[in-house]
Structure formats: structure tokens, C-alpha cells
Amino acid sequence: MIRILVSREPIDPAAEMAALEQGGAVATFTGLVRADDGVATLELEHYPGATEAALTRLAEDATARWPLAAATIVHRVGPMTAGERIVFVGTCSAHRQAALEACAFLIDRLKTDAPFWKRETVGEKTRWVEARAADDDAAARWR
Amino acid sequence: MIRILVSREPIDPAAEMAALEQGGAVATFTGLVRADDGVATLELEHYPGATEAALTRLAEDATARWPLAAATIVHRVGPMTAGERIVFVGTCSAHRQAALEACAFLIDRLKTDAPFWKRETVGEKTRWVEARAADDDAAARWR
Amino acid sequence: MKLLYFAWVRERIGLPEEDVTPPAHVATVADLIAWLTPRSPGHAVAFVDPARLRAAVDQAFVALDAPIGEAHEVAIFPPVTGG
Amino acid sequence: MKLLYFAWVRERIGLPEEDVTPPAHVATVADLIAWLTPRSPGHAVAFVDPARLRAAVDQAFVALDAPIGEAHEVAIFPPVTGG
């Protein structure tokens with residue numbers, strides 16, 4: 001069962017985790033707006049339609065590669081503040097390694113394959129976050 | 001910040017996740033009593049004192065190997081039924097890979113290094129669960 | 001053909017989207033970018049370094065040398081930074 | 001010396017723990033198991049295949065050839081199956 005949600009509302013990990021519990025092993029990853037570096041606010045822009053399609057493809061890739069009972073990707077868009085949740089990915093499988101690997105796969109690939117852009121405000125300054133080569137490397141190990 | 005809990009009470013993953021949110025990346029693993037194979041109930045026995053010490057050592061190992069802001073291991077003991085949570089492990093780090101790897105490390109090593117024993121009831125029959133060679137292999141890759 | 005711009009590409013051009021009818025010799029995304037560049041000072045700044053640009057044709061991510069064919073929608077944007 | 005038994009070792013022996021004073025020649029966990037085996041039919045059944053047993057000396061996991069020295073507490077149990 002695949003669940004994809006792109007929303008301006010806060011992410012509720014408890015509800016997402018409960019919905020994932022369809023087998024013996026559940027793995028999750030949650031990304032938060034970093035509170036360090038003086039980042040005060042973050043704004044997430046995305047490509048409506050294409051975003052949901054890219055996340056669905058990603059979840060389908062995961063269910064093709066691992067025996068998953070469930071895969072969830074929830075991504076927040078719009079403005080948010082330090083400490084808030086940006087992204088939640090979760091997997092459920094009868095097998096621990098499948099759940100853990102598929103969860104890492106989803107977040108690694110989401111970083112490079114889904115059309116989101118972060119703009120952060122630090123003090124008075126606003127800047128678009130630069131893509132990281134380390135994210136390309138992390139995504140590449142799944143190809 | 002290390003949190004270790006061995007308890008007969010149900011595990012509350014929402015509260016555990018909230019407590020872990022001390023940095024940019026949170027990874028969790030939850031193990032549930034399998035509902036397949038006709039397993040009706042499971043009883044978890046442990047070695048009081050030694051269990052908590054083993055789990056604390058494990059969490060300390062993880063914080064020595066990865067830059068973690070938090071590590072949590074919660075393990076249930078006593079009787080439980082299909083679908084209930086047996087174990088929750090979680091990590092928090094500024095770095096996604098550190099959180100994901102340390103989470104996998106904790107659950108892999110917990111399987112072989114902590115003194116718990118499962119007894120399951122299938123229909124009328126009760127049996128002690130056998131240790132799995134695959135768990136030894138999974139734990140060995142972290143040595 | 002509908003063009004969509006995101007993040008600093010959108011900001012530099014000053015438009016989230018526009019409709020264009022490229023001439024026949026515009027065959028690839030790279031051709032399209034070169035053809036759009038002189039359209040305004042904003043386009044020129046946005047497209048000054050094509051190596052920093054990524055694209056999607058009809059919502060599928062493609063390399064800049066991909067053909068645009070009969071596409072309805074082409075999006076041009078910086079490398080993605082979600083998650 | 002306090003002995004603790006868990007899981008099917010405890011069930012077969014019929015006791016969760018007992019106090020013993022092994023003679024001087026009992027130097028390792030394996031020696032201890034061999035010395036305990038004739039103690040009762042339950043001990044004999046529990047310890048029939050030492051390869052299936054694991055142990056902790058003063059709450060530290062050890063191999064069966066580990067010395068018991070001046071240990072206060074030795075636990076004998078099957079391979080663990082938590083998580």
C-alpha cells in the first residue's frame with residue numbers, strides 16, 4: 001500500500017507510523033528544519049503534479065525492489081520554522097532488512113529525484129539552498 | 001542523550017519519536033509481533049539488570065561510532081499479542097546517513113547482544129523461538 | 001508550448017510560467033534555453049550558465065540534450081533540494 | 001556462587017536460580033556446566049548439548065571457555081531471540 005502526500009500542513013508522524021503497521025518491521029526517517037546555522041525559516045517550493053508523480057514512482061520502485069507491505073512518503077511545502085518536520089518516509093515489511101534498506105532508498109532518492117526547492121532565511125538574508133554532491137552520491141549507490 | 005527502557009507496558013512510538021527530535025534527521029525501527037503463522041501470543045523473558053546494561057552498552061557503541069544527538073532503545077517484556085510492538089529503536093543526528101546507519105546497527109546488534117527470549121503460542125502449542133543464523137550475519141557486518 | 005520556471009529561475013525571469021511557440025530548429029531542451037535567453041534581461045540572467053539548470057518535459061525529468069518534440073509542458077529549474 | 005537460568009534452560013531445570021559452591025577444579029563456564037549436569041534429571045536434559053548454550057559471568061556475555069574466577073553470578077541460557 002503506497003501513500004503519497006504533499007501538503008502545507010504539519011506532518012503527523014504518529015498517524016503515519018500507525019498506518020504503516022501492516023507487518024513485522026517498520027522503518028521510518030523524518031527530516032527536520034535544522035535549528036543550527038541561524039536558519040530562522042525555510043520555504044519549500046515544488047512542482048505541483050510532477051512532485052506527486054515523482055514520489056509515486058519512487059515508492060513503486062521501492063515496492064518492486066523489496067517485499068514491502070506499505071510505503072509512505074509525506075513532504076511538507078510552504079513556509080516552516082526551525083525544528084519543524086519537512087519530510088517523513090516510512091516502510092513496512094515482514095523482513096527487517098527490507099524495511100530498513102527501502103527506507104534509506106526512499107530518502108536518498110527523494111533528495112535527487114523529486115522537484116522540491118528550499119529557500120532559507122538566515123537573519124535578514126534569503127537564499128536558495130544549493131544541491132549537495134553528497135546527495136547525488138547517496139542516490140547513486142541505489143542505481 | 002541515551003534513553004533505555006525495558007517495560008511490560010505498551011510502547012508509545014509517538015512519544016519516543018518526539019523525544020528523539022534533537023537534530024535534523026531522525027531514523028526509527030519498530031518491531032511488531034507477527035500476525036502470520038497463526039501466532040496468537042508471544043511472551044518475552046529477559047535477564048533483569050543485564051538487559052538494561054547490554055542495551056546501554058549498545059547505545060553507547062552507536063554514539064561512539066556515529067555523531068548522534070540521541071539514541072533510544074525501548075523493549076517490551078511479558079505477554080503480548082499479534083500486532084503489538086515488541087521493540088522500538090531510534091536515532092537522531094545532524095546527518096541523515098548517520099541516523100539511518102546507527103538505527104540499523106542498533107536493531108541488528110540488539111538481536112544478538114541483548115538477553116531476551118521469545119516464547120510463542122501457536123494454537124495449543126507453546127515453543128521457544130529459535131535464534132536465526134541470519135541475525136548473527138546481520139550483526140556481524142557491524143564488527 | 002507551456003513553460004514553467006521554479007526557484008531562482010522563476011525569480012530571475014520574474015514569471016512562474018509563459019506560453020511560447022518555438023521555431024522548428026529548436027529541437028532539444030538546450031536549444032530551447034538558447035532560444036529563450038535573449039527574450040529579456042531576466043531570461044539572460046536565469047540562463048547564463050546552462051550547466052546549473054535541470055528540466056522536465058511533460059513532467060518527466062530529462063537531460064538538457066533531450067528532444068522536446070511535441071511537448072505540452074517544459075519546466076526549467078535548478079537542481080532539486082528537497083527532503 | 002549464584003546461578004541464573006533463562007528460557008528453556010530454566011524450564012528444563014525447573015528452577016530460575018540456585019546457589020552452588022563448585023570445587024576448585026571447575027575453572028570455566030564449560031567446567032561448571034559439566035559439573036552441574038549430573039545434579040538432577042532436569043539439569044541433565046538442559047545441559048545435554050552445550051553447543052546450544054550461552055552464558056554471562058557477572059552479567060557480561062562470555063564464551064563457554066571463559067574462566068568463572070571469583071564470579072558472584074553466572075547465567076546460563078539459550079541463544080537470545082529479542083528484538
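Note on naming: letters A, B, ... go to the chains in the order of the sequence lines (proteins, then strands), and numbering restarts at 1 for each one.
A donor-acceptor pair shorter than 3.5 Å can be found between the side chains of B:Trp128 and D:Glu11.
Neither the backbone nor the side chain of B:Asp136 comes within contact range of chain D; no heavy atom of the residue lies under 4.5 Å from a heavy atom of that chain. Both the backbone and the side chain of B:Glu130 have a heavy atom closer than 4.5 Å to some heavy atom of chain D. Heavy-atom distances place both the backbone and the side chain of D:Phe6 under 4.5 Å from chain B.
The contact list for residues 14-26 of chain D toward chain B, using heavy atoms and a distance under 4.5 Å, is empty. Among residues 35-45 of chain D, no residue has any heavy atom closer than 4.5 Å to a heavy atom of chain B.
Residues B:Ile73 and B:Leu110 form a side-chain contact, since some pair of their non-hydrogen atoms from C-beta on lies under 4.5 Å apart. Side chains of B:Arg85 and B:Pro13 form a contact here, defined as non-hydrogen atoms less than 4.5 Å apart.
In terms of modelled atom types and a separation under 3.5 Å, the side chain of B:Glu84 and the main chain of B:Thr81 share a donor-acceptor contact. Side chain of B:Asp61 to backbone of B:Leu58: no donor-acceptor contact under 3.5 angstrom is found.
Comparing B:Asp113, B:Ile107, B:Leu44 by how many heavy-atom pairs each has under 4.5 Å with chain D, the most go to B:Asp113.
A salt bridge is defined here as a Lys NZ or Arg NE, NH1 or NH2 lying under 4.0 Å from an Asp or Glu carboxylate O, and B:Arg65 with B:Glu101 fails to meet this definition. Salt-bridge check for D:Asp49 with D:Arg12: failed, with every basic side-chain N at 4.0 Å or more from each acidic carboxylate O. Looking at D:Arg10 and B:Glu45, a side-chain N of the basic residue comes within less than 4.0 Å of a carboxylate O on the acidic one, giving a salt bridge.
B:Arg8 pairs by the salt bridge (Lys or Arg N to Asp or Glu O under 4.0 Å) definition with nothing, not counting sequence neighbours.
The stretch residues 56-65 of chain D participates, sequence neighbours left out, in these side-chain hydrogen bond (donor to acceptor under 3.5 Å, both in side chains) pairs: D:Gln59-D:Glu73.
Between B:Phe105 and B:Trp66, the distance from one ring center to the other falls under 6.0 angstrom.
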